[in-house]
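What follows is a short report on a single structure.
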Amino acid sequence: MYFGKILYGGDYNPEQWLAYPEILKKDIEYMKVAQINLVSIGIFSWAMLEPEEGTYDFSWLEERIETLYQNGISVFLATPSGGKPRWMAEKYPEICRVDENRVRELYGGRHNHCYTSPVYREKVRKIDQELAKSFDHHPGVLAWHISNELGGECHCPLCQEAFRKWLKEKYQTIEQLNQCWNTAFWSHTYRSFDEVESPSPKGEQSIHGLNLDWRRFVTDQTVDFVKEEIRAIRDAGGTKPATINMMYHYKGLNYHKFADVIDFVSWDNYPLWHKRPEAEIALDCGMQHDIMRSIKKEPFVLMESCPSSTNWQSVSKLKKPGLLNAASMQAVAHGSDSVLYFQIRQSRGGSEKFHGAVIDHYGGNDTRVFREITELGADLLELDEVAASNVKAKAAVIFDWENWWAMEDAQGPRNNGLYYKETVKKCYRALRRYGLDVDIVDMEQSIEEYQIVAAPMVYLFRCGFEEKVRSFVEQGGILVMTYWSGVVDDTDLCYLGGTPHGLLDVLGIRMEEIDGLYDFEENEGIPVPGNELGLEKKYQAKHLCELVELRGAHVLMTYGKDFYAGKPILTQNSYGKGTAYYVAADMETAFYEDTFRSILEKQGIEPLLPGVKLPEGVGVSSRETDNAKFLFLQNFSGGDVKVPLPENAEILQGSKDGILKNLETVIVKV
């Protein structure tokens, strides 16, 4: 979704300030000073928009939207379904959620409503249509912000019935369900779909297929709820694009399932800056930006970030000078067409009254935070041509929500610390340290356009993933797969006949056993002399160590300890026109960096800055149009570093002497 410029602003809640017209007037003045051009409005306004059932009051919202527009500020208009009014819960208590213990919740908080409830869906549809009729035509409305940070689940009778219907559509017969869930184990066989209930600590939790399908159902039901909201807008004549604001590494929903429902991806970013070295936090943020961009493989919107400190994290840490700019520019570098904050003006009361804001309780524009926000607004104003660009990655890492769910529910080989995300990050880090843009995709997405694909801990195979991998390598792709892959099918049933399933010939190995190591244990990888990647160092292995049988692969590195000393820990196999590598143990970060660098150099995959070895803590990203390429160099190392820039590059922002200061962003056009 291309808005023609970098959007700058954030969540605005004028309904909290209707008794203070002088403050609302001052807000506009401050926004213009800071170059703010967009606000999200109406997110938690239902009680003001519909104070009584069927009685709507949009006058204050209409006045705000028009005033903002006249001052050059557009809006993302929200549907208010994230926080229902109190009168609704009192009149229709069945819309409140039931928890996994089958206890109905009281009114309070947000998102404590049942997405299945026909009553709640009807109330949401009515107000969404009224809003669409009133505002979709307004030139100041750029897009629809559907609900807010969707999440959670309901176990009420309505949801149980919907779940049974979902299962019947998927499996057709109860016999097929029993077979796919292996319910003969512990004699838990179902006689009909009517006997199935959602997982509960008071009931069934031991059927992994049930647990996995429940998570899928929760995602599908949430997706359907979003579809209904967008359909209500469209049925009322609304044509503006729609999005939902996703959350950091949120395990409750498979966000990829929303890709075909929303028009663009947006998400809320609240990292714990300063808790660890900035380079580590930045790497994690970059990975999450890339996950979000890769859902649609298009530019995304950074819907929320904090201009100062949050109030809901364990420690409310201020952003040190320069970090706001660096973190915001990182989002743009990884594909965001916006920098938006929560919130524009700090609330006086409620659970987020001490959450950072553009305008704090003091109410002046002579604060450190406001000065930094104004400086960043001026910088972003110069990057409108970047907003027409996209990231075109040569490399991809597989990170799959359903695989994540299944693996952590599997009960073995380690029930405390599988380190899936950490293993994904090691692969991601290695590719980024080499100087490549990286997409992070799930098993449903295509991988054929990449030169190299890392597939760490792909425990569950689904959507014909093994055939995608086979075709990818056969056509010349470079694959790096790790231990604990291809173990079960999409209902969490173990494959028979050898794993990684369907890829024994592609990888040239078969997994025989996997050893879970205690936290105090470790092994090591020892390079084979003269190995094809030129690896020479020893590397630490922890947590999980596989024993593999060779079936044609070449051994590049072996275990150094325990009864499996001398067995393969890193292998290489040629298949078709491509090459497949297999990592048999949870190796340290340095192993991944050195191994990936050797693979990439051997395969002739060129980084964004050819011939430049990036210093620790320095990252490079790119965005492209048909006519131009933009490179973003960022320094989170804690000190100044020298990074050679491409010859004849046009420097759009940042130092021109090749010295990259700490937290500085240099943007060049090549």
Value for NE2 (His334) from CD (Gln288), rounded to nearest 0.5 Å, stands at 12.0 Å
Got a donor-acceptor contact below 3.5 angstrom from the Lys296 side chain to the Ala259 backbone?
-> yes
Lys168 NZ: over 12 foreign heavy atoms closer than 6.0 Å | no
Just checking, any donor-acceptor pair under 3.5 angstrom between side chains of Glu197 and Ser200?
-> no
Euclidean distance, Trp186 CH2 relative to Glu204 CD, rounded to 0.5 Å = 8.5 Å
Could you pull out all donor-acceptor pairs under 3.5 Å where a side-chain atom in residues 552-559 meets a protein atom, sequence neighbours excluded?
| unit_1 | atom_1 | unit_2 | atom_2 | d |
| --- | --- | --- | --- | --- |
| Tyr559 | OH | Glu546 | N | 3.1 |
| Tyr559 | OH | Glu546 | O | 2.7 |
| Tyr559 | OH | Ala584 | O | 3.2 |

Glu606: salt bridge (Lys or Arg N to Asp or Glu O under 4.0 Å) partners, not counting sequence neighbours = none
Between Glu448 and Gln475, a side-chain donor and acceptor under 3.5 Å | no
Donor + acceptor pair across side chains of Glu304, Trp267 (<3.5 Å) = no
Are more than 12 heavy atoms from other residues, nucleotides or ligands located less than 6.0 Å from atom CG of Asn101?
-> yes
Please report the closest heavy-atom contact between Trp484 and Met511, naming both atoms and the distance.
-> CZ3-CE, 3.9 Å
d(Cys180 SG, Ile207 CD1) to nearest 0.5 Å is 12.5 Å
Side-chain donor-acceptor pair present, Tyr255, Thr219, cut-off under 3.5 Å | no
Would you sort out whether Lys542 and Glu521 count as a salt bridge (Lys or Arg N to Asp or Glu O under 4.0 Å), showing the intermediate values?
-> CA-CA 7 Å; Lys542 290 181 69 67; Glu521 291 185 295; over 6 Å; no
Of all residues at least two apart in sequence or in a different chain, which pass the ring pair (Phe, Tyr, Trp, His ring centres under 6.0 Å) check with Phe636?
-> Trp273
Exercise: do His111 and Glu149 side chains pair donor with acceptor under 3.5 Å | no
Heavy-atom nearest pair, Trp405 first then Gly252, reads CZ2-O, 4.2 Å
Sequence neighbours excluded, the answer for salt bridge (Lys or Arg N to Asp or Glu O under 4.0 Å) partners of Lys425 is Asp284
Residues Arg597, Asp594; criterion side chain to side chain contact (heavy atoms under 4.5 Å, CB included); working and verdict | CA-CA 5 Å; Arg597 178 171 291 278; Asp594 293 346; 5.9 Å; no
By salt bridge (Lys or Arg N to Asp or Glu O under 4.0 Å), Glu524 pairs with (sequence neighbours left out) none
Is any side-chain N of the basic residue among Glu449 and Lys394 closer than 4.0 Å to the acidic one's carboxylate O?
-> no
Qualifying ring pair (Phe, Tyr, Trp, His ring centres under 6.0 Å) pairs, either residue in residues 580-607, two or more places apart = Tyr539-Phe591
Which atom of Leu507 lies closest to which atom of Pro500, heavy atoms considered = CD1-CG, 3.7 Å
Could you tell me which non-hydrogen atom of Ile398 sits nearest to which non-hydrogen atom of Pro456, and how far apart they are?
-> O-CD, 3.7 Å
Pair His155 and Phe163, ring centroids less than 6.0 Å apart | no
Which heavy atom of Val218 sits nearest a heavy atom of Gly152, and at what distance?
-> CG1-O, 3.8 Å
Cut-off 3.5 Å, side chains only: do Glu522 and Gln540 have a donor facing an acceptor?
-> yes
Could I get the full list of side-chain hydrogen bond (donor to acceptor under 3.5 Å, both in side chains) partners for Glu601, not counting sequence neighbours?
-> none
How many angstroms lie between CE in Met443 and CG in Asp490, if you round to the nearest 0.5 Å?
-> 9.5 Å
Can you name the residues that form a side-chain hydrogen bond (donor to acceptor under 3.5 Å, both in side chains) with Asp586, not counting sequence neighbours?
-> Lys426, His543
Pair Glu466-Lys468, salt bridge (Lys or Arg N to Asp or Glu O under 4.0 Å): steps then yes or no | CA-CA 5 Å; Glu466 63 271 30; Lys468 290 181 183 179; over 6 Å; no
Pairing residues for Trp166 by the side-chain hydrogen bond (donor to acceptor under 3.5 Å, both in side chains) criterion, not counting sequence neighbours = Asp220
For the ring pair Trp404 and His249, is the centre-to-centre distance below 6.0 Å?
-> yes
Please step through side chain to side chain contact (heavy atoms under 4.5 Å, CB included) for the pair Asn635 and Leu663, ending with a clear verdict.
-> CA-CA 5 Å; Asn635 180 11; Leu663 297 181; over 6 Å; no
For residues 500-519, the ring pair (Phe, Tyr, Trp, His ring centres under 6.0 Å) pairs (sequence neighbours left out) are Tyr495-His501, Tyr518-Phe520
Contacts of type side-chain hydrogen bond (donor to acceptor under 3.5 Å, both in side chains), residue Thr579, not counting sequence neighbours | none
Would a line drawn from the ring center of Trp181 to the ring center of His208 be shorter than 6.0 Å?
-> no
Ring center gap for Trp312 and Tyr270 short of 6.0 angstrom | yes
Can you tell which of Val391, Asn390, Leu631, Asp437 makes a side chain to side chain contact (heavy atoms under 4.5 Å, CB included) with Arg623?
-> Val391
Closest non-hydrogen atoms of Met303 and Ser266, given as atom of the first, atom of the second and distance, are CE-OG, 3.6 Å
Assert yes or no for the condition that the ring centre distance of Tyr171 to Phe193 is strictly below 6.0 Å.
-> no
Intermediate values then yes/no, salt bridge (Lys or Arg N to Asp or Glu O under 4.0 Å), Asp400 and Arg462 | CA-CA 10 Å; Asp400 189 279; Arg462 65 188 187 92; 2.9 Å; yes
Got Ile509 and Leu550 here, is their nearest side-chain heavy-atom distance under 4.5 Å?
-> yes
By salt bridge (Lys or Arg N to Asp or Glu O under 4.0 Å), Asp290 pairs with (sequence neighbours left out) Arg293, Arg432
Please check if atom NZ in Lys392 has more than 12 non-hydrogen atoms from other residues, nucleotides or ligands closer than 6.0 Å.
-> yes
Residue pair Tyr420, Phe399: steps toward the side chain to side chain contact (heavy atoms under 4.5 Å, CB included) verdict | CA-CA 9 Å; Tyr420 175 46; Phe399 181 73; 3.4 Å; yes
Interatomic spacing from OG1 in Thr491 to CG in Asn182 - rounded to 0.5 Å = 9.0 Å
Check whether any side-chain heavy atom of Phe472 lies under 4.5 Å from a side-chain heavy atom of Val453, and answer yes or no.
-> yes
Between Asn211 and Asp409: side-chain donor-acceptor atoms closer than 3.5 Å = yes
Using a 4.5 Å cut-off on heavy atoms from C-beta on, say whether the side chain of Lys567 contacts that of Val548.
-> no
